[in-house]
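Presented below is the structure to which this report refers.
Everything numeric in this text was worked out from a predicted model, so none of it was measured. Throughout, a chain's letter reflects where its sequence line sits, starting with A, and its residues are numbered from 1. Both backbone and side-chain heavy atoms feed into the values below; hydrogens, waters and symmetry mates do not.
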Number of protein chains: 2
Amino acid sequence: MDDSGDKPRSSRSTGSARLTDVARVAGVAPMTVSRALNRPELVSESTRLRVQRAVLETGYVPNRVAGALASSRSRLVALLVPTVAHSLFAEVVQTVMGALSSQGYQVLLGLVGYTPEQEETILETVLSRRPDGIVLTGCRHSALTRQRLKAAEVPLVEIWDMTDDPLDMLVGFSHEAVGRAVAEHLLSRGYRRFGIISADDSRAKLRVAGFVSGLESAGIGEYQLREVGTPSSMPWGREKSAELLDRHALDAIVCSSDILALGVLSEAQSRGLTVPGQLAIMGFGDSSYAAASFPALSTVRIDGAAIGLRAAEHLLQRMAQPTFERAGQVLDVGFEIVDRDTT
Amino acid sequence: MDDSGDKPRSSRSTGSARLTDVARVAGVAPMTVSRALNRPELVSESTRLRVQRAVLETGYVPNRVAGALASSRSRLVALLVPTVAHSLFAEVVQTVMGALSSQGYQVLLGLVGYTPEQEETILETVLSRRPDGIVLTGCRHSALTRQRLKAAEVPLVEIWDMTDDPLDMLVGFSHEAVGRAVAEHLLSRGYRRFGIISADDSRAKLRVAGFVSGLESAGIGEYQLREVGTPSSMPWGREKSAELLDRHALDAIVCSSDILALGVLSEAQSRGLTVPGQLAIMGFGDSSYAAASFPALSTVRIDGAAIGLRAAEHLLQRMAQPTFERAGQVLDVGFEIVDRDTT
DNA sequence: ATTTTCGATGATAGCGCAATCATATCGGCG
DNA sequence: CGCCGATATGATTGCGCTATCATCGAAAAT
């Protein structure tokens, strides 16, 4: 007889227990169950325990879809990165998710590749989930993307790049500065005839631009540039460096990623070139295998974990106090030239 | 005067355009706008165009939170992997997301580490989003996890492991078989005195068990085992191999991941041991850098992309026809011993 | 001409939850 | 003793959308 008062569940119902079911079992109002679960400090100890028991008894799993609609808080953060098949971004994903999940947020991951068009498409569907915050890789967005982000008025952190004019918050580093620093480093080592192998991606190109401007500051106007598609890979590095070495007398090759540099290293070894004696090689990223190659790869270390962590912190702060305006906050985490055995 | 009939938006409203706003601008009923956007084949061409214009004019972004609540379809798939900071799982994430996003699904990523407890916690919050499908790494789940998954009645694919008794669908390979195959391979090469360095993770332990059983089949009962914590890293490999080599005369060391093997390789080189002459080394995973090490690392290739792709395909099929029962479907994608220069 | 069919559109009613305000209870205090 | 404020709980309403059924006009069938 204990369900004699129940209306039959509508045909649209999902079948699993709802808040009202828990409430009936616990002998309280639905609202009290909601509070017991979300704001336990507002209910008495005894009620909280009764609700807890009722939850176990009914096997209730809260429906956060409904909760999000009712409260306009999704507890969801969108994280948009080009790829996870690259240890640097994987590290960012790992740390961002660690920091956010400890605060009860879940992550909606979007892989946007390296083109603004993909970013635009993915952002649209992401915004339709009404995330409470967004972490976005890069600062170069399409006009539509910028407009949508502004209209959404959602806390936002751009990462992995640098600009004076962020959409909201920014945690990253200057790719141009990286390029210039690499140029200075290699010039100080005495290298003069440079090859460059770069991925066809806007941030890699910025680093190349910085590198070239560094060369020009030293009066060097000549260099050989080859572009490769994404994703970068060892074979790309081998192929392009073979092309470069066949046609030009070079004493150093600079790569837009460690994996390309490893390919160059293979090519050099297959040609019997001593490294760095006859050919110096420079990578980017300081991936876990950079130190493991033989000879150990000189590279540029980017602290992806720091970027992810600070980005998450900034976002959490803003999501906790949405009124406190701190737009325009910019953090440059820098980088470090790691001088191993290939330069 | 054109808003004279509007009720003021309630204080709970979010401020952005809703379906009814688009409907008013387009001069149709809200339901027609919903259809024009989600089932365009059900509305006339002219209505569809008017709605399209109204959407642009209002800057409407659909609210899929509300849509999901109303339709009981979230268009969300939960993807639970131990970590993305490991190229094998990154590859899975990459391919699963590629396949799902092309069909309009978004991915809720969960990083569950290597313990059933974490999986349990994360699964609970994941289920509260009412995903349309779940991809779960591994087949060993806590009782509560199994119970919740069964109660949720959501299409599910377990990956990266093998069992006769999957919860629903399964795409993976047998870790024990990997271990046995590695044992046979090394035994056929003549190695007899083995060290094992394994991560403290249940699937790695299965591979160890398979390896040991392979040794025992050959009448070898002695071997040296060291466990390391997660995440595996080169320093762990170096440290544990140093310990092993100090105390035991070994002619081969088997590792539960390529990154550990690379550490072992460094240690061997630092001791002036020839590889594989004085010490053979075996990795697992065939990470991108395995072929790049010097000497190139012998390892076990797992086709993470194939696993991700097939898992996504199975899931899409089931989500499209939820009535068509195919529970119990199991796909073994196998593995391959990659015999490079360290064995 | 009348009925049937079908495509297109609209009206209504929830989906499951939390914001909000109303109500009840209780001890402390003038 | 009655009033006040704090604390605990409940009733109501609506978040924005889609399932469902009703309606309506026009073409097709009788």
Using 0.5 Å steps for rounding, measure from the CD atom of B/E313 to the CG atom of B/L100. 10.5 Å

Please state how far atom CZ in B/R35 lies from atom C1' in C/dG10, giving the value in whole angstrom units. 8 Å

Taken to the nearest whole Å, CZ/A/R75 to P/C/dC17 is 16 Å

From CG of A/D21 across to P of C/dC17 the rounded distance in Å is 9 Å

Option passing side chain to side chain contact (heavy atoms under 4.5 Å, CB included) with A/S34 (candidates A/L19, A/V43, A/V22): A/L19

Between the main-chain N or O of A/S74 and the side-chain N or O of A/D132, is there a donor-acceptor pair closer than 3.5 Å? yes

Scan A/L19 against the nucleic acid and name what it touches under 4.0 Å (heavy atoms): base, sugar-phosphate only, or nothing. sugar-phosphate

May I have the distance from A/R73 (atom CZ) to C/dA19 (atom P), rounded to whole angstrom? 9 Å

With the side chain defined as heavy atoms from C-beta on, A/A66 is closest, among D/dA11, C/dT9, C/dC17, to C/dC17

Residue-phosphate contact under 4.0 Å: B/S34 side-chain N/O, D/dT18 OP1/OP2: yes

Does the side chain of B/S44 get closer than 4.0 angstrom to OP1 or OP2 of C/dT9 through an N or O atom? yes

Should A/T47 be listed as having a side-chain N or O under 4.0 Å from OP1 or OP2 of D/dT9? yes

Which nucleotide in the set D/dA11, D/dC17, C/dG16 lies at the smallest distance from any side-chain heavy atom of B/Y60? D/dC17

Euclidean distance, atom CZ of residue B/R50 to atom P of C/dT9 [Å, nearest integer]: 8 Å

Of the nucleotides C/dG10, D/dG16, D/dG10, which one has an atom closest to the side chain of B/M31? C/dG10

Just by distance, do the side chain of B/R130 and the backbone of B/L127 share a donor-acceptor pair under 3.5 Å? yes

Could you state the CD-P distance from B/E41 to C/dA8, rounded to the nearest angstrom? 10 Å

Using heavy atoms to find the nearest nucleotide of DNA chain D for B/V65 and B/R39 separately, return the residue whose nucleotide is more 5′. B/V65

Look at A/N38 and C/dA18 and indicate whether a side-chain polar atom (N or O) is within less than 4.0 Å of OP1 or OP2. yes

Within this structure, what is the CG-to-C1' distance between B/L69 and D/dG14, rounded to whole angstrom? 12 Å

Select one nucleotide: of D/dT9, C/dG16, C/dG10, the one nearest the side-chain heavy atoms of A/T32. D/dT9

Donor-acceptor pairs are to be reported for all side-chain atoms of residues 143-161 of chain A against protein atoms at under 3.5 Å, with residues two or more places apart or in another chain.
unit_1, atom_1, unit_2, atom_2, d
A/T145, OG1, A/S142, OG, 2.9
A/E158, OE1, A/L167, N, 2.8
A/E158, OE2, A/H141, NE2, 2.8

Take the protein atom CZ of A/R24 and the nucleotide atom P of D/dA11, then report the distance between them rounded to whole Å. 15 Å

